[in-house]
Amino acid sequence: MFNDKEVTVIFVLGGPGAGKGTQCEKLVADFNFCHLSAGDLLRAEQQREGSKEGELIRNYIKEGKIVPSYVTLKLLENAMNESINVNKNSRFLIDGFPRQMDQAEAFDAQVCNSKFALFLDCPEKTMEDRLAIRSKTSGREDDNIESIRKRFKTFIQTSMPVIEYYKSLGKCIQVDCTPAIDEVYQTIKAIVHEKIV
Ligand code: UDP
Ligand code: MG
């Protein structure tokens with residue numbers, strides 16, 4: 001378990017296509033964060049030769065379902081350890097996680113008590129339009145309309161309760177992500193600056 005006085009964790013949450021990855025990249029350019037995308041870690045593990053979980057991960061991702069939490073938690077913990085020990089960076093943006101209540105509880109209790117969650121709020125239609133554009137170049141197996149619909153459903157049913165939970169703890173900051181990327185970023189940058197620096 002990491003000490004939250006030494007390790008800072010900000011969760012970046014929001015539906016598929018809300019702009020989590022895009023906004024995290026911008027934050028990394030301005031602040032010294034280690035950006036960990038749970039989805040990217042899972043996709044890397046799926047590709048890794050000799051991975052025991054590869055097939056399981058592929059099936060969950062295609063169905064837009066949440067991969068069993070022990071898999072994702074372990075990947076995150078390993079990546080955090082590497083950042084802290086190798087890169088001496090203990091400030092984390094964790095993107096697209098937690099997506100399910102048990103993950104939120106397990107992370108805060110067993111890995112590190114998070115500082116706050118940034119909720120990138122976006123109407124479904126806007127997210128769908130963004131994903132339609134991304135699907136042309138992403139090569140992701142879940143950027144097709146069938147998987148996208150399933151991911152939206154999982155987001156509403158399984159991930160929104162996590163956001164409500166952080167709201168109830170007073171640990172959720174909500175940002176409207178309908179405007180253009182740079183406009184949204186100015187809002188986010190001000191929030192992070194105030195909370196972190
Ligand atoms: N995923 C998961 N657990 C997580 C994060 C992601 O199981 O904690 C899986 C889930 O199937 C999800 C997929 O990975 O639909 C893609 O997640 P990613 O965050 O890359 O998608 P985004 O929402 O950014 O489009
Ligand atoms: Mg992403």
- Message: So for atom NZ, which belongs to Lys153, do other residues, nucleotides or ligands contribute more than 12 heavy atoms lying within a distance under 6.0 Å?
- Response: no
- Answer yes or no: is there a donor N or O on one side and an acceptor on the other, between the side chain of Tyr185 and the main chain of Gln23, under 3.5 Å? no
- Will you find, in the side chains of Ser83 and Asn89, an N or O donor that is under 3.5 Å from an N or O acceptor? no
- Message: If you define the side chain from C-beta out and look only at heavy atoms, does anything of Lys26 sit under 4.5 Å from Asp182?
- Response: yes
- Item | side chain to side chain contact (heavy atoms under 4.5 Å, CB included) assessment of Thr158 paired with Ile66 | CA-CA 9 Å; Thr158 312; Ile66 310 297; 4.2 Å; yes
- Please confirm whether the backbone N or O of Arg48 pairs with a side-chain atom of Ser51, one donor and one acceptor, at under 3.5 Å? no
- Identify whether the distance between the nearest side-chain nitrogen and carboxylate oxygen of Lys115 and Asp4 falls below 4.0 Å. no
- Following the transitive rule for hydrophobic clusters with a side-chain heavy-atom cut-off under 4.5 Å over Ile, Leu, Val, Met, Phe, Trp and Tyr, establish whether Val9 and Val12 coincide in one cluster. no
- Query: Are the side chain of Thr8 and the backbone N or O of Arg91 linked by a donor-acceptor pair below 3.5 Å?
  - Reply: no
- When the ring centroid of Phe11 is compared with that of Tyr166, is the distance short of 6.0 Å? yes
- Is a donor on one side and an acceptor on the other found under 3.5 Å between the side chain of Lys20 and the backbone of Gly15? yes
- Smallest heavy-atom separation, Thr178 atom then Pro123 atom, equals CG2-CD, 3.8 Å
- Query: If you take all heavy atoms of Met1 and Asn113, which pair is closest and at what distance?
  - Reply: CE-N, 4.0 Å
- Item | Close side-chain approach of Phe92 to Leu36, heavy-atom, < 4.5 Å | yes
- Query: Do Lys171's NZ or CZ and the ring of Phe116 fall within the cation-pi criteria of under 6.0 Å and 45°?
  - Reply: no
- Under 3.5 Å, is there a donor-acceptor pair between the side chain of Arg151 and the main chain of Asp142? yes
- Task: For the residue pair Leu41 and Phe97, establish whether any side-chain heavy-atom pair is separated by less than 4.5 Å.
- Result: no
- Note on the structure: Closest heavy-atom pair, Ala38 versus Gly96, reported as atoms and distance to 0.1 Å, is CB-O, 3.8 Å
- Query: How long is the gap from NZ on Lys125 to CZ on Arg130, to the nearest 0.5 Å?
  - Reply: 11.5 Å
- Linking I/L/V/M/F/W/Y whenever their side-chain heavy atoms sit closer than 4.5 Å, directly or via other members, would Val67 and Leu73 fall into one cluster? yes
- Message: Tell me whether Tyr165 shares a hydrophobic cluster with Ile163, the cluster being built from Ile, Leu, Val, Met, Phe, Trp, Tyr side chains joined at under 4.5 Å.
- Response: yes
- If you draw a 6.0 Å radius around CD1 in Ile145, do more than 12 non-hydrogen atoms from other residues or ligands fall strictly inside? yes
- Linked, directly or transitively: Met80 and Tyr70 (ILVMFWY side chains, under 4.5 Å): yes
- Query: Considering the options Lys136, Arg134, Glu141, which one meets the side-chain contact (heavy atoms from CB on, under 4.5 Å) requirement together with Ser138?
  - Reply: Arg134
- Between the side chains of Asn144 and Glu146, does any donor sit under 3.5 Å from an acceptor? no
- Task: Look only at the side chain of Glu194 and the backbone of Ala190, and say whether a donor-acceptor pair between them is shorter than 3.5 Å.
- Result: no
- Message: Do Glu6 and Ser90 pair up side chain to side chain, a donor and an acceptor below 3.5 Å, judged on atom types alone?
- Response: no
- Message: When you compare the side chain of Leu75 with that of Leu42, does any pair of heavy atoms fall below 4.5 Å?
- Response: yes
- Message: Hydrophobic clusters here meaning ILVMFWY residues chained together by side-chain heavy-atom distances under 4.5 Å, can you tell me if Met160 and Met127 are in one?
- Response: no
- Query: Ile196 versus Phe33: any side-chain heavy-atom pair under 4.5 Å?
  - Reply: yes
- Look only at the side chain of Ser147 and the backbone of Asp143, and say whether a donor-acceptor pair between them is shorter than 3.5 Å. no
- Task: Determine whether Thr187 and Asp176 make a side-chain contact, defined as any pair of heavy atoms from C-beta on separated by less than 4.5 Å.
- Result: no
- Query: Is any side-chain heavy atom of Phe152 closer than 4.5 Å to a side-chain heavy atom of Glu128?
  - Reply: yes
- Go through the steps for Leu118 and Leu13 under the test side chain to side chain contact (heavy atoms under 4.5 Å, CB included), then give the verdict. CA-CA 6 Å; Leu118 202 56; Leu13 306 176; over 6 Å; no
